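All remarks here apply to the structure that follows.
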Amino acid sequence: MNICVCVKQVPDTLDIRLDPTTNTLIRQGVASIINPHDKHALEAALQLKEQYGGNITVISMGPLQAKEILKDCLAMGADKAILVSDTAFVGSDTLATSYTLAYAIKKAGNFDIIICGSQSSDGDTAQVGPQLAEQLGIAQITWACSIKYDGAAFKVTRETEMGFEVIEAKLPLLVSVLKNMNIPRYPSVSNTIKAHRANITVWTADDINISCKKVGIKGSPTRVTRIFTPERKGKNLIIQKESAQEAVELLLRKLTEERIF
Amino acid sequence: MAFTSRETRENNISQEIWVYCEVIETELLEVSLELLGQGRKLAETANRKLAAVLIGEKVESLAKIIFAAGAEKVYLIAGEKFAHYNTDVYTTAISNLLEAYKPDTFIIGATKNGRDLAPRVAARLGTGLTADCTELSIDKETGLVSWTRPALGGNIMATIHCHERRPQMGTVRPSAFKRLTNVYRDNGEIIYVPNNILTTLESRTTLLEIIKTDRHSVKLEEADIIVAAGRGIGKRENLKLIEQLAEVLVAAMGASRALVDYGWQPAFNQIGQSGKTVSPKVYFACGISGTVHHLSGVAPGGIIIAINNDPDAPIFQAADYGIVGYVEEILPILIDEIKRIKLGE
């Protein structure tokens, strides 16, 4: 089975705030990690490979530093890693990102299944998976919590508002997975050392033969026009009393006065 | 005032705002009605028409509810092959419909299926899509839809515009808006989408089985009163107090992410950026510190009552009323007093 896994480099913490004077993100000192959902995507691929044999190629689009998370993927057991990186890609929204990834995947080979994390922890759009499937012209199953293969077709269980659906699909297929799919493995020390000596293939826009008009800011129909810190301001009638009984009585009196009770 | 962009004039884009009406088993989802309510407001501001897309097997009777909820027009796609949501069939039908009638804006509920469908449709049409919005408005200068959503775990809000491509698309979180309280109208125009628009509806997937489990989710999202617990309750046994308070108030129970991570509460009770958005009239936050991550899951408009032993906890900034104190000391008294009030009634 030829498997492709898409991964994204994300900040290690979401505790990133706006600089109140410049209104820009304070990113200093924030380390980068592999997007947590994507680890589950890779684990799903490793389990499919263990059962049915095959090859796993991991692809990421991002800055050159994203090589590090690709090395982590090799350490977990991926066979090959490709980084798609070019200054032309900067500012891509989900449409431009999926367009770029589709070109890279077409160049990387013919895959039976492409597995993505359902969403990234930073952008949290859950859009790149479906948009990638559309650009590749293949079927998709999103919000997956189990993938089974019977030799001819995949049976995937996905979450819905009501519970679950079991869906069957033939190859090729894109699946985006939830965290409850599996528990990602820890790489062994020897694999980690080997992986961190590996050379990661880097493809530029020219390498994947993509038009620069359709990538980056130019290729992105959406634009972030404003970022701001959310404000929640209540009435702030806060009671601080020695006696809990008094505090509760005062609260309930206020609530009754305001007809909340 | 009506806005007409260059793109609109050149490509015959209609002035309509469309809302996708999601149906599960012949019932309209609440989020669709919420979006019709907010869509109505956008339509009035921008002087546009509000239309709904209704797709399903036997759904025509739902049109009346849709007109009452704010739409003046319904595009109806009905038939056996639309009985259950299917990515391929729905994507093709909706994409063809959008290409044929060219609405200016298309709003979809950010449900599991909505977030499966919307990106696929946007990619097919090559247009812009904003995910999981919590605020929608019309930009005064440009007439564009301002799609606002939490980013980076809710620490930051981002407003996104789609300047040139059409339709402008976005998915919107359930419970982010309220449905109209009055009946907008009794009936309206139904457009029966002709078959020549609905060509080549082939599916590459087969639905084998539907397993229904999640009965709890509805309750939390529709509850008028919620009692929610966070890390500050101290120990697991104190959840009993939360349950008792919920019981006397006839409230639903919710939790912060920390308690779900501890395994003290099931994931379907999680409120916040990575959990559910709720919009109760009264929200009791017990031992909840009030991170942006958590509060982004509590829709504005209700009253927040906080109980926390840390006077500097950010929850007190957001709270309308609060008591500084330990949950295990305050709650037993609060429960007793509320019981007394209820008996007095």
Side-chain angles (χ1 to χ4, degrees), chain A residues 14-18 25 93-95 98 121-127 130-131 133-135 139-143 155 159-170 221-230 232-240 244-245 247-249 251-252 254-255 260-261, chain B residues 24 87-88 111-113 115-116 119-120 122-124 126-132 150 152-165 204-214 217 282 292 295-296 303-304 311 316-325 329-330 333-334 337 341:
Chain A
L14 293 179
D15 199 17
I16 296 175
R17 301 195 179 266
L18 284 184
L25 297 177
D93 69 1
T94 63
L95 189 72
S98 59
S121 59
D122 56 349
D124 205 17
T125 69
Q127 288 178 182
Q131 296 196 313
E134 176 64 25
Q135 313 266 17
Q140 78 189 36
I141 301 175
T142 52
W143 315 110
K155 265 187 201 165
E159 273 191 26
T160 67
E161 257 65 33
M162 310 284 288
F164 303 95
E165 282 176 355
V166 184
I167 292 179
E168 187 178 69
K170 295 203 168 62
T222 61
R223 199 74 37 96
V224 177
T225 42
R226 182 173 166 239
I227 49 176
F228 56 101
T229 307
R232 280 301 275 276
K233 196 88 185 100
K235 284 191 201 159
N236 302 140
L237 290 166
I238 311 303
I239 301 160
Q240 231 171 331
Q245 182 72 36
V248 169
E249 279 171 17
L251 173 71
L252 288 174
K254 291 251 180 247
L255 295 180
I260 292 157
F261 276 146
Chain B
I24 292 184
T87 306
D88 283 338
T111 59
K112 290 283 194 304
N113 287 345
R115 294 178 82 179
D116 183 89
R120 188 104 204 187
R124 187 161 303 177
T127 192
L129 172 68
T130 306
D132 218 13
L152 293 163
N155 282 315
I156 286 160
M157 300 294 287
T159 300
I160 290 156
H161 289 114
C162 176
H163 290 92
E164 279 157 23
R165 316 266 182 95
R204 290 167 287 200
T205 58
T206 315
L207 177 61
L208 300 179
E209 197 185 346
I210 297 173
I211 306 153
K212 290 185 200 169
T213 57
D214 197 2
S217 61
V282 183
V292 183
L295 286 173
S296 68
I303 284 154
I304 297 180
F316 287 124
Q317 294 297 313
D320 296 288
Y321 304 94
I323 296 180
V324 180
E329 283 174 24
I330 303 293
I333 301 169
L334 186 61
E337 290 294 328
I341 295 174

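Naming convention: chains lettered A, B, ... in sequence-line order (proteins, then strands); numbering from 1 in each chain. On a predicted model such as this, the values are computed, not experimentally measured, just so you know. Atom set for the values below is all heavy atoms of this structure, side chains included, hydrogens, waters and symmetry mates excluded.
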Could you tell me if the side chain of B:M157 sits less than 4.5 Å from the side chain of A:R226, heavy atoms only? no
Atom group of B:T87 that falls short of 4.5 Å from chain A, counting heavy atoms: side chain
Going by an N to O cut-off under 4.0 Å, is there a salt bridge joining B:R120 and A:E134? yes
Distance check, rounded to the nearest 0.5 Å: A:E161 atom CD versus B:K212 atom NZ? 13.5 Å
Would A:T142 and B:R115 count as a side-chain contact (heavy atoms from CB on, under 4.5 Å) here? Give the steps. CA-CA 9 Å; A:T142 52; B:R115 294 178 82 179; over 6 Å; no
Exercise: identify the closest heavy-atom pair between B:A122 and A:L95: O-CD1, 4.3 Å
Relative to chain A, which of B:I333, B:I303, B:I304 shows the most heavy atom pairs under 4.5 Å? B:I333
Measuring from B:E209:CD to A:E165:CD, what's the distance to the nearest 0.5 Å? 10.5 Å
Looking only at atom types and distance, does a side-chain atom of A:Q131 sit under 3.5 Å from a main-chain N or O of B:P119, one as donor and one as acceptor? yes
How long is the straight-line distance from OG1 of B:T130 back to CZ of A:R223, given to the nearest 0.5 Å? 12.0 Å
Interface check, chain B: of A:A126, A:A244, A:P230, A:A247, most non-hydrogen pairs under 4.5 Å belong to A:P230
Is there a side-chain contact between B:L334 and A:L252, using heavy atoms and a 4.5 Å cut-off? yes
Output the distance between atom CG (A:D124) and atom CG (B:L152), rounded to the nearest 0.5 Å. 9.5 Å
Flag the pair B:I210 / A:M162 as yes when at least one side-chain heavy-atom distance between them is below 4.5 Å, and no otherwise. no
Most heavy-atom pairs under 4.5 angstrom with chain A, which of B:A131, B:S296, B:G322, B:G128? B:G322
A:K254 side chain reached by B:D320 side chain, heavy atoms, under 4.5 Å: no
Is it the case that over 12 heavy atoms from other parts of the model lie below 6.0 angstrom from the NZ atom of B:K112? yes
Pair count under 4.5 Å, heavy atoms only, with chain B: among A:D93, A:I238, A:T125, highest is A:I238
So which part of A:E159 gets closer than 4.5 Å to some heavy atom of chain B, the side chain, the backbone, both or neither? both
Validation row: B:I330, A:V248 side chains within 4.5 angstrom (heavy atoms): yes
Is it the case that the side chain of A:N236 and the backbone of B:A319 share a donor-acceptor pair, with hydrogens and angles ignored and the cut-off at 3.5 Å? yes
Can you measure from CD1 (B:I323) to CG (A:L251) and round to the nearest 0.5 angstrom? 4.5 Å
Measure the shortest side-chain to side-chain distance between B:R204 and A:K170 over non-hydrogen atoms and say whether it is less than 4.5 angstrom. no
Looking at chain A, which one of B:V324, B:L207, B:D132 has the largest number of heavy-atom pairs inside 4.5 Å, strictly under? B:V324
Under a 4.5 Å cutoff for heavy-atom pairs, which residue among A:A169, A:A133, A:S121 has the most contacts with chain B? A:A133
To the nearest 0.5 Å, what is the distance between OG1 (A:T225) and CD1 (B:I160)? 7.5 Å
